[in-house]
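All heavy atoms count here, side chains included; hydrogens, waters and symmetry mates do not.
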Amino acid sequence: MNVFKMGLRSLLYRKRQYISLFLVCLFGVGVSLFCVYLIQGMLFALETKAKIYYGGDLMFIGGKNKLSFDNAKSFVEKLEPVFPEGTTVSSRFDFDADYAAFYFEGTGVRQRIIKGVDFAKEKNLFKAFNYVAGGVEDIAGTNGVLLSQPIAEILGVKTGDSITMMLITSRGYTNTVTLVVKGIFKDSSLFGMYTSYMDINHLLEAYGMPRDWANRICINVPDGSASEKDILMYQKSLESLFNMFHLVEDKQVFYDQLLSGKFSEPTYALIKLSANLEDLQILIDAMKGIAAFVIITLLVIIIVGVSSTYRIIAMKRINEIGIYMSIGMKRQDILFMLLLETLILLFFGCLGGLCFALLLCKLVGVFNLSIIPAFDIFLTDGVLVPIVSIGFFVLVAIAVCVTTLVAVLFAVRKSVSVMPSTALGVTE
């Protein structure tokens, strides 16, 4: 306890000497935490939008030479027992909208893809959308449609307006159907702007396909994304029910073989969300790499800065160390006191860094960045929303404290190893 009191008093007495070390720790830890929290928030926003676009954590697709489920309901019934209780397994029809367009009062606009969704099952998933107006309520089983805000502005429509969809059917005929705008969502990113969502049965009817047909089955597991271990377990279970393709990191590997007619019998694949995002994986890896680089760089700066500065401080205090030795204080107690001063400094520096990171997280949410082209995939309601993780703060704090204490130990042990007579003969 005496050593603790001496270390604390010494730290307070020399606070002007230690303020620079405190600030190095504060800003280093704060910027590291902010970078990680920001990237976590950006990737979470990306994953949320991707889940809505692809229908969940996993996708079950296949056929003989094209994506097709002639009796989708029976496939859903077979798939449901494979996954945990609470998993949503639903049919979807992704309609290539190259030959389709929306019209309203003489204005027309093309879409990239129109997704037929079983809203009765996927209602909770679509609640995560950022709606400007309307929403997903009461859209199941109706002729309602969800449009992106930019498309709604081009058409000049608002919720409740009726628009006309013109499309080429499966038999090559031109068909027109009336749709009612039920919701307008804000996301205008890679997944959103030229994509619209409507009831699967109405889209199938308009396209001229049976109501029990689909070209993919979406699987959304409860409590977040499925782990790699879980996916391997699901794959093994599915292999006992279907002729399964091996797990792939890029869905295009399966598409190439399916569409080129290389399968002699219907073959199916379980596609995880990351395999759908292969085109974006380079960007995701780059973001994670930048975060790791920033953390390592700042950690090195903290270690080098604190240890080198503390070496100078310890050398200036060698006379004081001699006095401690002359009154009978053991070398290990002196070393412990110096390390305790460092630990207290680092502890409050890390706490200050957490507060600084939280302040930055608060400030970054003030700016609307949706005007930046293609950046909306990382935004939530138009702004960056960092995800704060206390667990990560604890890991960073432990890493900073342990590595810096080790560095300080090597820096000051020479000062406490001198003889008392030598130490007393040195002036600060």
Side-chain angles (χ1 to χ4, degrees), residues 20-50 189-190 225 227-228 249-250 273-275 277-311 342-343 345-367 369 372-380 383-411:
S20 60
L21 300 182
F22 172 78
L23 292 176
V24 167
C25 185
L26 184 150
F27 284 107
V29 172
V31 173
S32 297
L33 292 176
F34 172 67
C35 289
V36 173
Y37 294 164
L38 182 63
I39 289 176
Q40 283 182 336
M42 293 170 66
L43 293 180
F44 179 78
L46 170 63
E47 184 178 286
T48 300
K49 291 175 173 61
S189 63
L190 174 66
S225 303
S227 66
E228 290 294 329
E249 295 300 323
D250 183 355
L273 188 62
S274 60
L277 298 175
E278 182 62 25
D279 292 340
L280 292 173
Q281 198 59 48
I282 295 176
L283 178 60
I284 294 172
D285 292 340
M287 291 172 64
K288 292 180 178 178
I290 291 172
F293 175 77
V294 169
I295 293 172
I296 293 172
T297 302
L298 292 175
L299 184 61
V300 170
I301 291 173
I302 293 172
I303 295 171
V304 174
V306 173
S307 60
S308 59
T309 306
Y310 215 93
R311 182 187 293 111
T342 308
L343 181 60
L345 177 73
L346 293 172
F347 175 75
F348 284 103
C350 289
L351 283 180
L354 176 61
C355 295
F356 181 58
L358 294 177
L359 177 62
L360 292 177
C361 290
K362 192 73 175 177
L363 290 175
V364 78
V366 174
F367 305 100
L369 304 176
I372 302 176
F375 196 65
D376 199 63
I377 55 174
F378 300 118
L379 304 179
T380 300
V383 299
L384 292 167
V385 180
I387 295 180
V388 176
S389 170
I390 298 300
F392 186 79
F393 161 70
V394 172
L395 290 176
V396 170
I398 291 174
V400 168
C401 291
V402 171
T403 54
T404 307
L405 283 174
V406 172
V408 169
L409 173 63
F410 284 101

How long is the gap from [atom1] on [X] to [atom2] on [Y], to the nearest 0.5 Å?
{"X": "Leu46", "Y": "Thr380", "atom1": "CG", "atom2": "OG1", "result": "10.5 Å"}
{"X": "Leu346", "Y": "Leu405", "atom1": "CG", "atom2": "CG", "result": "6.0 Å"}
{"X": "Glu47", "Y": "Ile377", "atom1": "CD", "atom2": "CD1", "result": "13.0 Å"}
{"X": "Ile387", "Y": "Met42", "atom1": "CD1", "atom2": "CE", "result": "11.5 Å"}
{"X": "Ser389", "Y": "Leu395", "atom1": "OG", "atom2": "CG", "result": "8.0 Å"}
{"X": "Leu343", "Y": "Thr404", "atom1": "CG", "atom2": "OG1", "result": "10.0 Å"}

Pairing residues for [X] by the side-chain contact (heavy atoms from CB on, under 4.5 Å) criterion, not counting sequence neighbours:
{"X": "Phe27", "result": "Leu23, Phe356"}
{"X": "Ala397", "result": "Cys350, Phe393"}
{"X": "Val36", "result": "Gln40, Ile295, Phe392"}

What closest approach, in Å, do [X] and [Y] show between heavy atoms, and which atom pair accounts for it?
{"X": "Val364", "Y": "Leu384", "value": "CG2-CD1, 3.9 Å"}
{"X": "Leu277", "Y": "Ala50", "value": "CD2-CB, 3.9 Å"}
{"X": "Leu379", "Y": "Ala45", "value": "O-CB, 3.8 Å"}
{"X": "Cys25", "Y": "Val400", "value": "SG-CG1, 4.4 Å"}
{"X": "Leu33", "Y": "Ala357", "value": "CB-CB, 3.7 Å"}

**OP:** Please tell me if the side chains of Val24 and Leu21 come closer than 4.5 Å, counting only heavy atoms from C-beta onward.
**Re:** no
Original post:
Can you tell me if Lys288 uses its side chain to pair, donor with acceptor, with the backbone of Ile39 under 3.5 Å?
Top reply: no
**OP:** Carefully, step by step, assess Leu298 and Ile301 under the rule side-chain contact (heavy atoms from CB on, under 4.5 Å).
**Re:** CA-CA 5 Å; Leu298 292 175; Ile301 291 173; 4.2 Å; yes
Original post:
Taking everything shown except Phe44 itself, do over 12 heavy atoms lie less than 6.0 Å from its CZ?
Top reply: no
